[in-house]
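The structure under discussion appears below in the form of C-alpha cells.
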2 protein chains.
Amino acid sequence: MLDWEQLAECHKALGDKTRLHILSLLKVEELCVCEIVEVLQITQPAVSQHMRKLKTAKLVRERRSGQWVFYSLDGSIYPFFESIVQTFPDVQHEIEELKKMGLRVLCN
Amino acid sequence: MLDWEQLAECHKALGDKTRLHILSLLKVEELCVCEIVEVLQITQPAVSQHMRKLKTAKLVRERRSGQWVFYSLDGSIYPFFESIVQTFPDVQHEIEELKKMGLRVLCN
DNA sequence: AAGGTATATAAGCATATGATTATATATGAA
DNA sequence: TTCATATATAATCATATGCTTATATACCTT
C-alpha cells in the first residue's frame, strides 16, 4: 500500500514546473532525454536529474534503445495519477515543433 | 483554468509528510490549530506555517470562531484532489485519542 | 581499439524549505 | 483595562532543491 513517505515523494516530484512540463510532454508520447532538452532549453544534466526524480517517484519508466533512453508515463501505483495527468496543459504543439525542426529521434 | 504555477504549488503543498498528515486529519473532520499541534507534537508556529501553505495552495479553508481558527479541506479548484484524498491513510483513531484526553475544542 | 553521441553522475552554488525560539496580534474573560 | 489563550509573523538555522559546468559511463560506428 501507499505510505506517507511514498505519497509525499510522488507529490514532491509533481511540485516543480519543469517536471510538470516534462510529464505533459510524455503524456503526448514517449521521449528521450535529448528531445526533452531540446523542448525545455535547459541543460542535459538538468533533464537527467529531473528524470531520476520522476523515476524514483515511479511516475515514469525508462526504456533503453541503443544510445537513447526513452521515458514514458507510468504512475500505475498511484490510483489518482491518471486524473492529475488529465489536468495538464496540452503541449502537443511543442512536439510538432520538434518534428518540424527534424529533431525527433526515430528509432526502436 | 489551472496553470503550471498553480498546479506545481498545489503539489508542492502535498509534497510534505507533515502536511499530508494534517490533510488526513482534516479528512476526518474540521480541526483548529491547537488540536493539530496536539496530534502532531510539533510547535504551534510550525503548524501555522503549514496551514498558510495549504491555504495559499487552496487546499484548505479557514473559519474563525472566537479565539480559534478552524481549518477544513477544500481543494475544489483541483478536480483530482478528491481522489488523492481518498488514498490518505485513515487517522480517525488519532482524533479519538484527542477526545479521550479531553483535548477536543468543542465550540461553534 | 578509437572516436562520436547520448546519458548519468559529481561538485559547486544560490535559493527554497521546514523546523525552532521569540515576539506580535486577536479574541474572550475578569 | 488587564490577563490568559489562540494564532500569526519574524528571525534564525540546518538541510533540500534546482541549476550550472566538468567529468564519467554506455552504446554505436568505423
Side-chain angles (χ1 to χ4, degrees), chain A residues 4-5 8-23 25-26 30-57 59-72 98 102-108, chain B residues 4-5 8-23 25-26 30-57 59-72 98 102-108:
Chain A
W4 273 323
E5 199 67 62
E9 192 177 21
C10 164
H11 290 296
K12 235 176 275 189
L14 289 165
D16 176 83
K17 268 196 294 182
T18 303
R19 285 192 293 272
L20 287 180
H21 195 165
I22 291 172
L23 292 172
L25 290 164
L26 297 183
E30 178 187 67
L31 293 171
C32 68
V33 175
C34 64
E35 293 171 321
I36 297 171
V37 166
E38 203 54 48
V39 175
L40 299 190
Q41 293 291 308
I42 56 177
T43 61
Q44 173 269 315
V47 172
S48 275
Q49 286 162 35
H50 283 306
M51 298 325 287
R52 184 171 46 179
K53 289 204 176 186
L54 291 171
K55 202 177 56 171
T56 302
L59 296 180
V60 302
R61 58 176 152 258
E62 71 179 47
R63 172 178 75 84
R64 174 137 227 152
S65 177
Q67 31 185 181
W68 297 279
V69 176
F70 287 88
Y71 288 92
S72 54
L98 258 193
L103 294 170
R104 277 307 313 268
V105 170
L106 299 169
C107 65
N108 308 313
Chain B
W4 271 323
E5 199 67 62
E9 192 177 21
C10 164
H11 290 295
K12 234 176 276 189
L14 289 166
D16 176 81
K17 268 196 294 181
T18 302
R19 285 192 294 273
L20 288 180
H21 196 164
I22 292 172
L23 292 171
L25 290 166
L26 297 183
E30 178 186 69
L31 294 170
C32 68
V33 175
C34 63
E35 293 171 321
I36 298 171
V37 166
E38 202 54 46
V39 175
L40 300 190
Q41 293 291 309
I42 56 177
T43 61
Q44 172 269 314
V47 172
S48 275
Q49 286 163 41
H50 282 306
M51 298 325 288
R52 185 172 46 182
K53 288 204 177 183
L54 291 170
K55 202 178 58 171
T56 303
L59 296 180
V60 302
R61 60 177 152 256
E62 70 179 45
R63 172 177 76 84
R64 173 136 229 153
S65 177
Q67 31 186 181
W68 297 278
V69 176
F70 287 87
Y71 288 93
S72 55
L98 259 193
L103 294 169
R104 277 306 316 268
V105 172
L106 299 168
C107 66
N108 307 315

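Values below: every heavy atom of this structure, side chains too, minus hydrogens, waters and symmetry copies. Below, read A as the first sequence line, B as the second, and so on, with proteins coming before strands; counting in each chain starts at 1.
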Over all strands shown, is A:K53 touching base, sugar-phosphate only, or nothing at heavy-atom distances under 4.0 angstrom?
sugar-phosphate
Send over the distance from [X] [atom1] to [N] [atom2], rounded to a whole Å.
{"X": "B:K55", "N": "D:dA8", "atom1": "NZ", "atom2": "P", "result": "7 Å"}
{"X": "A:Q44", "N": "D:dG18", "atom1": "CD", "atom2": "C1'", "result": "15 Å"}
{"X": "A:Q49", "N": "D:dA16", "atom1": "CD", "atom2": "P", "result": "16 Å"}
{"X": "A:I22", "N": "C:dT7", "atom1": "CD1", "atom2": "P", "result": "13 Å"}
{"X": "B:Q67", "N": "C:dG28", "atom1": "CD", "atom2": "C1'", "result": "6 Å"}
{"X": "A:L31", "N": "C:dA6", "atom1": "CG", "atom2": "P", "result": "15 Å"}
{"X": "A:Y71", "N": "C:dT7", "atom1": "OH", "atom2": "C1'", "result": "8 Å"}
{"X": "B:I36", "N": "D:dA6", "atom1": "CD1", "atom2": "C1'", "result": "13 Å"}

Residue [X], side-chain heavy atoms: nucleotide from [options] that is nearest:
{"X": "A:P45", "options": "C:dT20, C:dT7, D:dT21", "result": "D:dT21"}
{"X": "A:D16", "options": "D:dG18, C:dG18, C:dA8", "result": "D:dG18"}
{"X": "A:T18", "options": "C:dA8, D:dT7, D:dC19", "result": "D:dC19"}
{"X": "B:V33", "options": "C:dA19, D:dT7, D:dT20", "result": "D:dT7"}
{"X": "B:K12", "options": "C:dT7, C:dT17, C:dT27", "result": "C:dT17"}

May I ask you to decide if [Y]'s main-chain N or O and [X]'s side chain share a donor-acceptor pair within less than 3.5 Å?
{"X": "A:R52", "Y": "A:L54", "result": "no"}
{"X": "A:R19", "Y": "B:A8", "result": "no"}
{"X": "A:Q49", "Y": "A:A46", "result": "no"}

Please determine whether a side-chain nitrogen or oxygen atom of [X] lies at a distance below 4.0 Å from atom OP1 or OP2 of [N].
{"X": "A:R52", "N": "C:dT9", "result": "yes"}
{"X": "B:S48", "N": "D:dA6", "result": "no"}
{"X": "A:T43", "N": "D:dG18", "result": "no"}
{"X": "A:R19", "N": "D:dG18", "result": "yes"}

Taking all non-hydrogen atoms of both residues, which atom of B:Y71 and which atom of B:V33 are closest, and how far apart?
CE1-CG2, 3.6 Å
Given that B:A46 and A:G15 both sit by DNA chain D, which one's nearest nucleotide is further toward the 5' end?
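Upstream on the strand: B:A46.
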Sole candidate of A:T43, A:I42, A:V37 that passes side chain to side chain contact (heavy atoms under 4.5 Å, CB included) when paired with A:L40:
A:I42
